[in-house]
Number of protein chains: 2
Amino acid sequence: MTADRRARRRQETLEEILDLAEAVMTEEGVNGLSLAEVARRLGVQPPSLYKYFPSLMSVYDALFLRGQHEHLRVVRDAMGGAEPGLAAIQAGLDAGGRWCLENRALAQLLFWRPVPSFEASPEALEPSVEMIALIRNALTEAVAAGELGPGGDSDEAIQLISILTSGTLTQAMANEPQLPWGKGRFSPLFPKLIALLPAAYPPTAPPTRRRARPKALEPTT
Amino acid sequence: MTADRRARRRQETLEEILDLAEAVMTEEGVNGLSLAEVARRLGVQPPSLYKYFPSLMSVYDALFLRGQHEHLRVVRDAMGGAEPGLAAIQAGLDAGGRWCLENRALAQLLFWRPVPSFEASPEALEPSVEMIALIRNALTEAVAAGELGPGGDSDEAIQLISILTSGTLTQAMANEPQLPWGKGRFSPLFPKLIALLPAAYPPTAPPTRRRARPKALEPTT
DNA sequence: GTCTATATTATGATAGAC
DNA sequence: GTCTATCATAATATAGAC
């Protein structure tokens, strides 16, 4: 059916608009996004964009939503490929950090909120609920395995991790705008920061044996 | 002499322009600063502002410079009123955090760099050199007192502290825009984060006795 | 040091022809 | 779903009168 083709083509255009919007934000700042500039790059006149998005804010919201989903997927996939517990958190947030530095404009939109007039829709905030659940689940496993002690899977522990993550990202994005994750003075410190968690929530008993050999921690990297 | 009065009046106007610019940034985002809006609030026509600042970017630079100096002064004063070592870092960065949440627009300009077209002048970056020296000095004292072990006053340790600080601030500013320092889910965790430093750089010997009674740690707060 | 007037350019958004 | 035309508004910045 041609309706399929048309719908697919429309979806492609929608994504292309968002891609171009990301590029504009990267160059002009998140707050510097303008539909006219996106239209210019897409090779159409500004009014044409209103067939795809009803307003500038709706573009921000679509970007926010797409960013949340991509970020969540990257973190979830990396956690799934790692040993449970702290190693999963390490692997997930490491992959998340890499994604953020590869998608700086989106990361700033998600984690800095630099556009006061933009309020993310409730739907766009849902992925962050799952993100928190993922982290808490891994923390609970870490506590069960004796990697962390009491309070290691509390709200406070999650907030602590979010501070470590956003601090690393903020310093990297603000001070080393062109370096990727893993390079420079800040992001290489992230593993060290996560390794401090047991000091914050010290295990009361010696850790139980891990399910697999420690050597096999990162077999696919 | 009337020249004095005139110079003083001019200085007052300069400061008033910067105050109004801060207010605009707070409401419209750092990137949303506009000279026309500042002129409106000052009750003059936009061209009049060009007698005080040659361009929009020069206003950003003056804001950056003023912010750096204020922030440095606040941190330096708080460190001077505390015991040397980790307690000084704790006190200094705590006061610095409070200042940041009371001056969010400036803090974002200083630490997020959300305006890609704005590059701070070398002069405006000087206070951050002294800030680093202050922290390093306190870290060296902490090492000497046995609070921290080897590496406790390294570049890496300073970067670690900057991550903890900017992470706490970023989470507070993005997620709890109206709460002051010390309230909410994030900034109260800051002392806990600083307390993790000895775990990152463990003392090799038991700490030597502190110079004063621990009770007197925060006598003026 | 203030103003008016102006140049130049930009924006978000809508109406309506094709 | 694209366009032209348009509305309404905004911005930075300069020239020049007072």
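Just so we're on the same page: letters track the sequence lines, and every chain starts at 1.
Among the heavy atoms of the strands, none lies under 4.0 Å from B:Pro46.
Evaluated for a side chain to side chain contact (heavy atoms under 4.5 Å, CB included) with B:Thr13, the options B:Glu15, B:Arg9, B:Arg10 yield exactly one hit, B:Arg9. With respect to B:Phe111, the side chain to side chain contact (heavy atoms under 4.5 Å, CB included) criterion is satisfied by exactly one of B:Cys100, B:Ser162, B:Ser166: B:Cys100.
Taking atom OH of residue A:Tyr60 and atom P of nucleotide C:dT11, one finds them 12 Å apart after rounding to whole Å. B:Glu12 places its CD atom 15 Å from the C1' atom of C:dG1, with the value rounded to the nearest Å. Atom P of nucleotide C:dT9 and atom CD of A:Glu37 are separated by 15 Å, given to the nearest angstrom. Taking atom NZ of residue B:Lys51 and atom P of nucleotide D:dA17, one finds them 13 Å apart after rounding to whole Å. A:Leu49 places its CG atom 11 Å from the P atom of C:dA13, with the value rounded to the nearest Å. As rounded to whole Å, 11 Å separates atom P of C:dA13 from atom CG of A:Leu33. Across the protein-nucleic acid pair, A:Met57 atom CE and C:dA13 atom P stand 8 Å apart, rounded to whole Å. Look at OH on A:Tyr50: it is 11 Å from P on C:dT11, rounded to the nearest Å.
Across D:dA15, C:dT2, C:dT11, the shortest atom-to-atom separation from the side chain of B:Pro47 is found for D:dA15. Side-chain proximity of B:Ser34 to C:dA13, D:dT12, D:dT14: nearest is D:dT12. For B:Ala36, the listed nucleotide lying nearest its side chain is D:dT12; candidates were D:dT12, C:dT11, C:dA5. Picking from C:dA13, D:dA13, D:dC3 the nucleotide with the shortest atom distance to the side chain of A:Gln45 gives D:dC3. Proximity note for B:Leu56 (side chain, C-beta onward) versus D:dA13, C:dA13, C:dT11: the nearest is D:dA13.
Taking CG of B:Leu109 as the reference point, atom CG of B:Asn103 lies at 11.5 Å (rounded to 0.5 Å).
Taking only side-chain nitrogens and oxygens, A:Tyr52 comes nearer than 4.0 Å to OP1 or OP2 of D:dT2. One finds no side-chain N or O of A:Ser48 lying less than 4.0 angstrom from the OP1 or OP2 phosphate oxygen of D:dG1. Residue A:Arg40 places no side-chain N or O under 4.0 Å from the OP1 or OP2 atom of C:dT9. Within the structure, every side-chain polar atom (N or O) of B:Arg10 is placed at least 4.0 Å from both OP1 and OP2 of C:dT2.
Using a 3.5 Å distance cut-off with no hydrogens or angles, the side chains of A:Thr170 and B:Thr170 do pair a donor with an acceptor. Counting only N and O atoms by type, the side chains of A:Tyr201 and A:Glu156 include a donor and acceptor under 3.5 Å apart.
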